[in-house]
Amino acid sequence: MGERSDHPQGPGAAEDSGAQEIEATVVLGLRITNWPALRAAAIAAVEELDFEGIDPAGQRRELLREVAEDANAALGALLHPDRLVAAIPGVEAIGGTLEISVTEDFAPDFAELFPLDGDEEEGGGAAGDWTLTPRTACLLHAQLLGLADAAYDDLDEHEDEPVSDGEEADWTVFGRLPQRTWRLHRSWRRAMARTFDDLADDLALGEWPLPRCLAEEIALRMALVDARALLGAQPESVADMMGDLPADLYDYDWDGCHDELFGVYGPDDGDPELTAEQRAELLLTATHPEGWFLTYDDAEERDPQRGYRR
């Protein structure tokens, strides 16, 4: 008979399973598909943390604010090495760092999000044969993100400084808005910057970017103007941007975009001879800019806790 061992794993197991220091490297590629769910989980994780120091309550409030507004901060709270290791029995964390970076070349798969089979209407689109094509969605998405970036850059550079008559060119985005907005505060400008991201997020989820408030009407108009201008001035650059996205008859149909994307939500009373954009223009003129972010009665309100990119 062989040598008996009192250890359930046989002789020598105790030495092999003794305390060892191991360095593990984990590289994850993640795509955020449900920001509200991610934010809620991160907030719950922060509520469970123990804070030490002079002002633990203040530390908790600040971290809660960060994870509520920033996806990177939310991921950081959930992917912290101490939190991950706590779920593994028999292991103690002795250190570690976490680095999160945004993949610069990430882009939604617009061919998958906006299929050209003609069997389904995407994002609640209008009836008929017109559709938002993958190439149109891709170009609009790029312009919306570019406008959001430029708006936040304006904020970083100018803060609450008013736009001056004759110096609009110093502002990439806010100098293009109606003059009645030129002296508005930073919080208003930050909310306006977020409207570009909101519409871009719609496209990234495979939904038509249907404006849900007056501010989004302006944001989408600006993106359409810029998309048309870029296509006219740099068609080769646009072609490179499209890659192998399928081509379609309705690619870059800006008139169709105006007909189908505007007026799905919003005011439909008044002069029946007016177009949806004309009715919205009248409402813009009659409404103080602070009210431009009020959701249309027939549209779903965006998550008020979605935060800001910056």
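For this chain, numbers begin at 1 and follow the sequence in order.
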Could you pull out all residues at least two apart from Phe293 that satisfy ring pair (Phe, Tyr, Trp, His ring centres under 6.0 Å)?
-> Trp188
Sequence neighbours left out, what passes ring pair (Phe, Tyr, Trp, His ring centres under 6.0 Å) with Trp171? Give chain and number order.
-> His158
Side chain proximity check, Thr172 to Asp149, heavy atoms < 4.5 angstrom | no
Does some side-chain heavy atom of Pro246 sit less than 4.5 Å from a side-chain heavy atom of Phe110?
-> no
Side chains of Leu64 and Glu47: closer than 4.5 Å at any heavy-atom pair?
-> yes
Got Phe114 and Thr136 here, is their nearest side-chain heavy-atom distance under 4.5 Å?
-> no
Could you pull out all residues at least two apart from Asp297 that satisfy salt bridge (Lys or Arg N to Asp or Glu O under 4.0 Å)?
-> none
Looking at side-chain heavy atoms only, is the closest gap between Tyr152 and Arg194 below 4.5 Å?
-> yes
Check whether any side-chain heavy atom of Leu145 sits under 4.5 Å from a side-chain heavy atom of Asp197, and report yes or no.
-> yes
Val173 versus Arg189: any side-chain heavy-atom pair under 4.5 Å?
-> no
Are any side-chain N or O atoms of Trp182 and backbone N or O atoms of Leu177, one a donor and one an acceptor, separated by less than 3.5 Å?
-> yes
Side chain of Trp208, backbone of Leu261: donor and acceptor closer than 3.5 Å?
-> no
Salt-bridge present (Arg302, Asp202; N to O < 4.0 Å) | yes
Could you check if a side-chain atom of Arg228 sits within less than 4.5 angstrom of a side-chain atom of Gln143, using non-hydrogen atoms only?
-> no
If you measure only the distance, is there a donor-acceptor pair under 3.5 Å linking the side chains of Glu217 and Tyr296?
-> yes
